[in-house]
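Remarks on the structure that follows.
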Amino acid sequence: MMALHPVPPQHSDEDSASNQGDSPEPYSDDNASDFTQASTLNLPSSAAAEVVDGHDAPPCQDDITWLISPDDMAILNVLSKEPCLTNRQGQYCHCMKRLPAGTKPVKLIGEGAANAVFEIKVPHIRDRGSGDFKGLLLRVAKVPSLGATPTYNYIFQHQFLQTAIRPILGDHVVRQDLVMLHKSGIVKELNHLLHAMNSSRKDKFKDTYVGDTDWGFLVEDMRPQDVETCVLVEFKPKWLSQSPSAPRDAVRCRQCAMELRNLATDLSRNRAHPKKKPCPLALMSPNYQLQACSPFRMAPHLADEANREFYEEALRRIANHAAIHDLKQQQDIHDKLGPLRAEPSDPLFALAMTLRDCTCFAQIDKHSQSIRIQFGDFDWKDPQVKFARWQGVEKELVESGFYTSEWIMCDNVFYRPPTLCLLEQSAAAATKKPEVIQITNSEPGNVGQDTTDHSPLHIPNEVKIYTYPADVGTLKCILEPYIVPKPDFTKIIERFSQ
């Protein structure tokens with residue numbers, strides 16, 4: 001297995017959505033990635049033509065001049081050693097596809113902060129046809145505005161997937177191959193489509209476009225080919241274990257704490273409440289009786305289907321699938337410290353953060369009841385760009401009480417946080433010291449433990465109160481269904497003290 005060559009990465013602006021002890025003890029695990037090992041890659045420029053799809057005519061000298069950068073040569077060397085999926089002789093040479101001129105986008109399948117995925121229509125080419133692109137979607141990187149300089153490094157990302165992700169997750173990884181877009185004209189067509197539909201895109205994605213590039217990715221189309229016989233469930237597993245740097249008395253897992261924090265920072269009325277999203281810890285819990293463990297949190301759209309019992313059983317099998325357990329194991333192997341204690345120079349931590357932000361595609365066959373799971377969206381995340389944010393968010397979750405508080409208070413009115421975390425229903429949560437997040441209209445940055453006099457509310461000093469700045473009026477409207485009577489803190493403290 002070839003290890004990842006440390007090509008200096010381009011910084012990316014993509015988003016996933018990202019206390020004690022010294023450095024981690026060295027360990028050896030056969031299931032761990034060898035991402036930290038390196039190999040030197042050398043390739044003569046004459047080899048460029050050898051890795052282009054054998055069904056195409058060999059490119060002329062003019063066609064390969066754009067391929068002669070050191071990074072391009074490095075990836076071509078890697079590709080030349082990969083088994084070709086379509087080579088009839090079974091030889092070890094990569095048949096890289098080239099998107100032909102005249103290819104058109106059919107529709108936008110989905111987009112995030114950093115990437116967009118399109119269904120495309122490839123023109124019929126004599127002696128070849130368009131079958132080589134059947135069942136594949138085009139995935140390309142975006143830029144903040146039309147004409148902005150691209151920063152996404154397709155070559156590095158391809159190496160990362162092949163040498164750091166596939167060796168540890170194997171067949172669970174969705175197929176994704178490099179494709180040459182050079183002289184295809186597709187980027188212009190994609191941006192025409194995005195511009196035409198700009199008004200209907202999510203506000204946060206409007207006016208973002210595809211960056212000019214000679215490369216793209218072809219990814220397997222996981223959408224059901226026949227909706228009568230197959231159903232697709234798509235979700236992000238996120239942090240399948242609690243963050244190693246979370247407080248010991250946390251009543252929320254890392255993802256549920258993050259969802260609560262996001263609710264306070266993004267006050268969109270149409271934002272889904274945290275309790276409607278899956279709790280990663282509950283996903284794998286055998287305690288099916290708890291509301292937090294309802295499998296329909298993965299796929300709310302299936303809850304009202306006529307054959308509810310069939311889907312409930314199928315979703316439980318997805319949650320308990322070997323692929324999910326393997327993903328959890330790899331997350332645990334590659335981060336034993338958590339964001340507060342990890343080091344920016346540790347490549348395993350960056351890999352763990354990538355594993356925590358992938359997407360799960362689960363196909364349910366209605367006839368055979370079989371389950372097929374594939375993971376995608378494994379973009380490498382540059383610690384030089386991301387680490388400060390990862391650490392800052394974790395610090396905010398701890399120091400603002402999102403991990404540990406059982407109540408939210410706005411204008412001296414109490415609310416239960418609209419989360420449904422497995423940890424909230426644990427025995428330990430019922431006996432911990434009470435904590436409250438007080439939402440204030442304070443200036444941003446004024447977070448931490450509250451020092452305000454709450455004597456009119458008769459809140460004992462033993463209750464830990466955090467303050468967090470947000471739009472109190474808007475948040476009160478969002479939290480209205482979760483209003484509760486003022487807690488009897490005296491009794492709670494007595495129970496805690498026993």
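In this chain, residues are counted from 1 in sequence order.
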Quiz item: What residue pairs, at least two apart or across chains, pass salt bridge (Lys or Arg N to Asp or Glu O under 4.0 Å) with a residue in residues 420-433?
Solution: Arg252-Glu424, Glu406-Lys432, Lys432-Glu435

Residue list, salt bridge (Lys or Arg N to Asp or Glu O under 4.0 Å) with [X], at least two apart or on another chain:
X      : result
Glu111 : Lys142, Arg201
Lys206 : Asp203
Lys476 : Asp411
Lys277 : Glu259

Which heavy atom of [X] sits nearest a heavy atom of [Y], and at what distance?
X      : Y      : value
Leu283 : Ile324 : CD2-CG2, 4.4 Å
Arg308 : Ala303 : NH1-O, 2.8 Å
Phe349 : Gly338 : CE1-C, 4.1 Å

Practice problem: Kindly write out the residues that satisfy side-chain contact (heavy atoms from CB on, under 4.5 Å) with Ala352, not counting sequence neighbours, or none if the list is empty. | Solution: His334, Asp335, Arg356

Quiz prompt | side-chain contact (heavy atoms from CB on, under 4.5 Å) partners of Glu119, counting only residues at least two apart | solution = Val106, Lys107, Ile109, Leu137, Arg223

Taking only residues two or more places apart in sequence, or in another chain, which ones meet [X] in a side chain to side chain donor-acceptor pair (under 3.5 Å)?
X      : result
Arg261 : Glu396
Glu220 : Arg372
Ser405 : none
Thr229 : none

Quiz prompt | N-O pairing of Asp379 and Arg139 below 4.0 Å | solution = yes

Exercise. Could you label the plane-to-plane angle of the Tyr468 and Phe402 rings as parallel, tilted or perpendicular, counting under 30° as parallel and over 60° as perpendicular?
Key: perpendicular

Exercise. Could I get the full list of ring pair (Phe, Tyr, Trp, His ring centres under 6.0 Å) partners for Tyr403, not counting sequence neighbours?
Key: none

Quiz item: Going by distance alone, is a donor N or O of one side chain under 3.5 Å from an acceptor N or O of the other, for Thr359 and Lys236?
Solution: yes

Self-check item: side-chain contact (heavy atoms from CB on, under 4.5 Å) evaluation trace for Met284 with Asn320
Solution: CA-CA 6 Å; Met284 304 181 71; Asn320 198 43; 6.0 Å; no

Quiz item: Do other residues, nucleotides or ligands put more than 12 heavy atoms under 6.0 Å from the CG atom of Asn461?
Solution: no

Exercise. Determine whether more than 12 heavy atoms belonging to other residues, nucleotides or ligands lie under 6.0 Å from atom NZ of Lys486.
Key: yes

Self-check item: From CA spacing to verdict: salt bridge (charged side-chain N to carboxylate O under 4.0 Å, His left out), Arg254, Glu394
Solution: CA-CA 9 Å; Arg254 172 53 158 75; Glu394 182 82 340; 2.9 Å; yes

Quiz item: Is the side chain of Gln330 donor-acceptor paired with the backbone N or O of Leu355 at a distance under 3.5 Å, no angle test?
Solution: no

